[in-house]
Amino acid sequence: SKSSSRFISAFTAKVTAPDRISNDDEMMKTGFTLSVLAALSGGASAFTPAPTQTAWGVTKTALHADAVKAEMNLDEDFDDVNLVRILGLDRIKKIQRRHKRELNDRIRNFEVVQDADGEWIEATPEQTAEMKAAAGVSAPAAEESAGGKEPLKIIIAGAPASGKGTQCEVIKEKYGVVHLSTGDMLRAAVAEGTEVGKQAKDFMDAGKLVPDEVIIGVVKDRLEQSDCKSCGWLLDGFPRTPAQAEALASAGVSADCFLFLNVPDDMLVDRVCGRRTDPVTGKIYHMTFSPPDDEEVLARLEQRSDDTEEKVKVRLEQFHANVDAVKGNYVEIGVEIDGSKKPGEVTEVIAAALEAKIAA
């Protein structure tokens, strides 16, 4: 019903509003907590009880009428509900962070606009086109291709902290390709329950590494989906080993350009050890090169457990043990870029290489 839909929408809004999380000493009464939990487990219909149900010998309809007569406001916005008690603080924070990341992604992709009240709403196709034009973002390569040219297929490689993430965002926005990482693809395949996703899940549940043949199957399936075929794709950090590169080629997957960001190890160590993540927005800062201006943000930054000098050196050893052999599979399409330069300079070199591929 409309009433239950409003109630559930209000519940979602309550969870994703940071300023509405209460402290433990403001927890809601146990009775109301149990009723909400029962309603959640029983589905939306639990919020709209039948008129014939009774409480203390009085019908629910009568109780509602009495409330209206007394000019009582029924709480459909969760203003007086303490969701910390119901869901737990950690879970609510995770929901908030996910909501923030999703909103930021939609803002970057020009999918939403702010209304007169400052609320983010869905952008029309015309508004999206106007925002992209104002920002100087090109249309997807698939739409620009003349004479039926194939969309771009790109592989980008580099050591940890070489700047792949920054450049992937630029490439995705400029050329409209689908940005793909093996972690995201594995999680999506498992969630969708595909055949290779089920195989991957068995290994993951057992705490084992997912073998190359399964990963290749996941990657191949993903590249066969319509968005990758129509817009092109950007493989981020894959393949990592010569065996993966050979298996990818055997599966019939080929790229137009192999971008390699080359950065000296000592600079990589400095970059990794100075990295910090904002747990609320997911944004990555660097304590030397790009610290946050906001003191509140600075105070809540977190460092990944593997972003230490000792652990990054181990990761770099593993990277160097495989990278030359991987590059050997892409000699004809390879472009090596000095990743130690400023991000804007790296972007210009990448753009020149990709434009040359488009023109070819």
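Because only heavy atoms are used, hydrogens play no part in the values below, and waters and symmetry mates are left out as well, while side chains stay in. Numbering starts at 1 and runs along the sequence shown.
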Worksheet entry | Contact list for residues 243-280, test ring pair (Phe, Tyr, Trp, His ring centres under 6.0 Å), sequence neighbours left out | F258-Y330
Discussion item. Determine whether a donor-acceptor pair (N or O, by modelled atom type, separation under 3.5 Å) exists between the side chain of D256 and the backbone of I154.
Written reply: no
Worksheet item: Do L223 and Y175 belong together in a cluster built from hydrophobic side chains that touch within less than 4.5 Å?
Response: no
Response to the item:
Shortest non-hydrogen pair, N322 vs P242, comes out as OD1-CD, 3.6 Å
Discussion item. Same cluster or not: L186 versus V178, using hydrophobic residues (I, L, V, M, F, W, Y) connected whenever any side-chain heavy atoms lie under 4.5 Å apart?
Written reply: yes
Discussion item. Between V218 and I155, is there shared hydrophobic-cluster membership here, with clusters defined by ILVMFWY side-chain heavy atoms closer than 4.5 Å?
Written reply: yes
Worksheet item: Do you know the tightest heavy-atom contact between A200 and V210?
Response: O-CG2, 4.1 Å
Worksheet item: Side chains of I350 and L261: closer than 4.5 Å at any heavy-atom pair?
Response: yes
Worksheet item: Is it true that atom NZ of K327 has more than 12 heavy atoms of other residues, nucleotides or ligands lying nearer than 6.0 Å?
Response: yes
Discussion item. Strictly below 4.0 Å, N to O, side chains only: are D307 and R275 in salt-bridge contact?
Written reply: yes
Practice prompt. Give a yes or no on whether a salt bridge exists between E317 and K313, defined as a side-chain N under 4.0 angstrom from a carboxylate O.
Written response: no
Worksheet item: Going by heavy atoms in the side chains, are L152 and C257 under 4.5 Å from each other?
Response: no
Worksheet item: Are side-chain heavy atoms of I333 and K357 found at a separation under 4.5 Å?
Response: yes
Response to the item:
For Q199, the side chain to side chain donor-acceptor pair (under 3.5 Å) test, sequence neighbours excluded, returns none
Worksheet item: Is M287 reachable from V280 through a run of hydrophobic residues whose side-chain heavy atoms are each under 4.5 Å from the next?
Response: no
Practice prompt. Could you work out the complete set of other residues in the hydrophobic cluster of V170, with links drawn between I, L, V, M, F, W and Y side chains under 4.5 Å apart?
Written response: none
Worksheet item: Considering all heavy atoms of both residues, which atom of G193 and which atom of K198 are nearest to each other, and what is their separation?
Response: O-CE, 3.2 Å
Discussion item. Would you compute the distance between atom CD1 of I215 and atom CZ of R240 and round it to the nearest 0.5 angstrom?
Written reply: 8.0 Å
Worksheet item: Can you tell me how far OG of S290 sits from NZ of K283, rounded to the nearest 0.5 angstrom?
Response: 7.5 Å
Practice prompt. Would you kindly confirm whether L248 and V214 end up in one hydrophobic cluster when ILVMFWY residues are joined by side chain heavy atoms under 4.5 Å apart?
Written response: yes
Discussion item. Would you compute the distance between atom CD of E348 and atom CD1 of I337 and round it to the nearest 0.5 angstrom?
Written reply: 12.0 Å
Item to complete: Answer yes if the side chains of T128 and E111 hold a donor-acceptor pair under 3.5 Å, and no otherwise.
Response: no
Discussion item. Under the rule for side chain to side chain donor-acceptor pair (under 3.5 Å), what residues qualify as partners of Q318, not counting sequence neighbours?
Written reply: none
Worksheet item: Linking Ile, Leu, Val, Met, Phe, Trp and Tyr through side-chain heavy atoms less than 4.5 Å apart, which residues share a cluster with V331?
Response: none
Item to complete: Not counting sequence neighbours, which residues clear side chain to side chain donor-acceptor pair (under 3.5 Å) with R300? List them please.
Response: D278
Practice prompt. Write out all pairs satisfying ring pair (Phe, Tyr, Trp, His ring centres under 6.0 Å) with one or both partners inside residues 215-248, taking only residues at least two apart or from two chains.
Written response: none
Worksheet item: Between NZ of K153 and SG of C231, what distance do you get to the nearest 0.5 Å?
Response: 14.0 Å
Fill in: Separation between CD of E355 and NZ of K174, rounded to the nearest 0.5 Å
5.5 Å
Worksheet item: Quick one: hydrophobic cluster around V263, which other residues, with the 4.5 Å side-chain cut-off, linked directly or via members?
Response: M267, L268, V269, V272, V312, L316
Worksheet item: Going by the side-chain hydrogen bond (donor to acceptor under 3.5 Å, both in side chains) test, which pairs reach into residues 257-271, not counting sequence neighbours?
Response: N262-E336, D265-H320
Fill in: Sequence-distant partners of D294, side-chain contact (heavy atoms from CB on, under 4.5 Å), two or more places apart
E296, V297
Worksheet item: Got a donor-acceptor contact below 3.5 angstrom from the Q167 side chain to the P343 backbone?
Response: yes
Worksheet, complete the sentence: By side chain to side chain donor-acceptor pair (under 3.5 Å), D184 pairs with (sequence neighbours left out) S181, R187
Fill in: All salt bridge (charged side-chain N to carboxylate O under 4.0 Å, His left out) counterparts of D205, not counting sequence neighbours
K201
Worksheet item: Of D236, L259, L234, which is the lone residue that meets side chain to side chain contact (heavy atoms under 4.5 Å, CB included) with K164?
Response: D236
Discussion item. Could you tell me if the side chain of V113 sits less than 4.5 Å from the side chain of I121, heavy atoms only?
Written reply: yes
Fill in: Atom pair CG (L235) and CD1 (I156), whose distance is rounded to the nearest 0.5 Å
11.0 Å
